[in-house]
Each structure stands twice: as C-alpha cells, then as structure tokens.
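Heads up, the thing below is written out as structure tokens.
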Amino acid sequence: MTAVTVEARLYYRAKCDSCGFDYEDPTGWGVVAFEFPSDAVAAATDTGWRYDVDAAKPLTCPSCLRCDECGDHPAWVGGPELDAHARVLCAECDPATPSTPAPPPGRKPPGIALVLINGGGGR
C-alpha cells in the first residue's frame, strides 16, 4: 500500500453576497475553489457577476443584479463589458440597446399580418 500524504490547504470560492449562491464553473465542473481570493473574484466577474468593493454587498451573481435605472433584472453582461460601465442597465434602460421604433399613427407594426376570416361561406 502506498502512503498518502494529506495536508490542510486554504482555498477560496466566490459566493454571492445577496443570495449565497456559490460561483460554479461555466463548463459544468460545479463549485470551483481558487488558491487566491482575487482569482475567485476574477472568474466570477468574467461570467457576469458584479464586484463593487464600495457596495454593502460587494459580490453579486447575475440572478441578483438589478438595473440601476428601473430596478428590474438586467440583460446578461460580464467581463470587460461590465467593467466599462459604471452602472448596470437592463435592455430597456440601456441607450445602446437597439429598439424598434413605434409605427406612425394609423399603420400596423411591421411583421404583423391582418387576416380576415369569411364565416358566411359566400363569395
């Protein structure tokens, strides 16, 4: 029998400060432990978590993120895209999100067909 050496090690994992959810590897490996706290935070923020050292709850998972403008859940954002914005915005509040303009009064929106059904059987 081969001797087995066991030693105690300290590892870090990212955990949402709002709901307590543990960061899980996006490739399906489950909860991941890191040797350094900065690595745990970096892995989480690269997949849509928000880290704000000045917030009451600094590490927030995507499910708990709220739009800074309206309070609703934002669209998924992450990594450099999130770091570039001072605020988290949902698709409706983000001015960069393209929207379909309303049709002029009296006109139907594009892509909707009007179907008439003749129930009288006549021509």
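Note that the structure is a prediction, hence the values are computed from the model and not measured.
A perpendicular orientation is assigned to the rings of Trp49 and Tyr23, their planes being inclined by more than 60° (bins at 30° and 60°).
At a threshold of 4.5 Å between non-hydrogen side-chain atoms, the residues Cys19 and Cys61 count as touching. With a 4.5 Å cut-off on side-chain heavy atoms, Pro58 and Asp52 do not count as touching.
Across all their heavy atoms, Ser18 and Thr60 have their closest contact at OG-CG2, 4.1 Å. Listed here is the closest heavy atom pair of Arg13 and Ala40: C-CB, 4.0 Å.
Grouping Ile, Leu, Val, Met, Phe, Trp and Tyr by side-chain contacts under 4.5 Å, direct or through others, leaves Phe36 on its own. Side-chain contacts under 4.5 Å among hydrophobic residues (ILVMFWY), followed directly or transitively, place Val31 with no other residue at all. When hydrophobic residues (I, L, V, M, F, W, Y) are linked wherever their side-chain heavy atoms come within less than 4.5 Å, the members clustered with Tyr12 are Leu10.
With respect to the salt-bridge test (charged N to carboxylate O, under 4.0 angstrom), the residues Asp17 and Arg50 do not qualify.
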